[in-house]
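Everything below concerns the one structure shown next.
Every number for a ligand or one of its atoms is a count from 1 in the order of the listing. The first residue in the sequence is number 1, and the count goes up from there.
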Amino acid sequence: MARSHNFSAGPAALPLEVLQEAHEEFFDFAGTGMSVMEISHRSDTFIALARQAERDLRELLDVPARYKVLFLQGGASMQFSQVPMNLLRGKASADYLHTGLWSGKAIMAARRYCAPRVAASSEASGFDRVPPASEWRLDPDAAYLHYTENETVHGVQFAAAPEAAVPLVCDACSSLLSKPIDISRHGLVYAAAQKNIGPAGITIVLVDEALLGGALPLTPDVLDYASQARADSMLNTPATYSWYLTGLTLKWIRKSGGVAAIHRANQAKAGLLYREIDASGGFYVNIVQPAFRSINNVPFFLADPSLEPAFLRAAEAAGMRGLKGHASAGGIRASLYNAVGPDAVAALADFMKEFRRVHG
Ligand code: PMP
């Protein structure tokens, strides 16, 4: 079996062990004689699996008891709307930190429900940083403050969670479970699974129950966090197979030593690539200020953009996939999520060095 080195931004690499386990029990899950996909979400077998996934998640992230853990559908994009629908609670505006493409999309979506205020933006400098907190213009009457912990396209990551006097909402789509996060400082944290946690189809929402119960009147029941919490995220048929694979991946993260150990490995992986970029004498360029460089997504350009197609072709020939930058940003992007092994990253760093030697 030839497995590629997969640097895709999402859906992304899954741990081989997880795929093997799923493969082994594909036709017969837990002695039922049925695939997980074929059993009812109301069955004891599935409910046991769902409860275990929640327990593992709570333990891995040290989620306080007052938080509800939801396994929803609609991706992180749905949260761009679901957050204001549920958390405005009579307020007319919410604050947003604009640090890249994804926070921009969150702001656009919120306009349907309120007047989102951009409390700070790094757009003018090409999204190369998180603006310093001293420059944020926070509204003490905002419904919440929203930030994107890791900007998947621009490769910008917060060095620390913002300080906020209002409930803090975090889009952790590309970083949840790749580094420690203090859930207790947040009102709500969300992430779609398809980067560090599992396959597409499942979105994890951790929400302080004190914020629940005030959804806008037009909110459909399936989008009301309070209703979903009461129904254990099974108000309608959930994405059972994605939930199952997410459960296996959570178990794998525990076996790998938990979030702190995974974080150290992720820092080492990212360090390898940033060192090669910085040592390249400008052959490779990453514009993000070092304090805000992402450990999850490493975007870079070749100083001579005409070499990019050759770079991508040669990388693919060497078994490295998913390196093309996001359509809106161009260039190259290596996503180094939890399941991307150090061997893959070392191979990429070596490849970059060799490509530079030949073309530099
Ligand atoms: N937020 C961030 C930071 C993301 O990276 C993405 C997806 N790349 C999204 C939101 C949207 O996620 P989805 O495609 O699951 O809607």
Could you tell me whether [X] and [Y] have a side-chain N and a carboxylate O separated by less than 4.0 Å?
{"X": "E354", "Y": "R357", "result": "yes"}
{"X": "R55", "Y": "E59", "result": "no"}
{"X": "D56", "Y": "K251", "result": "no"}
{"X": "K105", "Y": "D171", "result": "no"}
{"X": "R66", "Y": "E209", "result": "no"}

Check ligand 1 against [X] and write out every atom of the ligand that is under 4.0 Å from a heavy-atom position of the residue.
{"X": "G75", "answer": "15 (O), 16 (O)"}
{"X": "N150", "answer": "3 (C)"}
{"X": "K195", "answer": "5 (O), 7 (C), 8 (N)"}
{"X": "Q194", "answer": "13 (P), 14 (O), 15 (O)"}
{"X": "A192", "answer": "15 (O)"}
{"X": "T152", "answer": "2 (C), 3 (C), 4 (C), 5 (O)"}
{"X": "D171", "answer": "1 (N), 2 (C), 3 (C), 10 (C)"}

- Heavy-atom closest pair (L60 atom, L250 atom, distance to 0.1 Å) is CD1-O, 3.7 Å
- Note on the structure: Looking only at protein heavy atoms, what sits closest to atom 16 (O) of ligand 1 is S77 OG, 2.6 Å
- Quick one: look at A76 and ligand 1, take heavy-atom pairs under 4.0 Å, and tell me if it's side chain, backbone, both or neither. both
- Item | M78 and ligand 1 - part of the residue with a heavy-atom distance under 4.0 Å | neither
- Item | Q73 atom CD: more than 12 heavy-atom contacts under 6.0 Å | yes
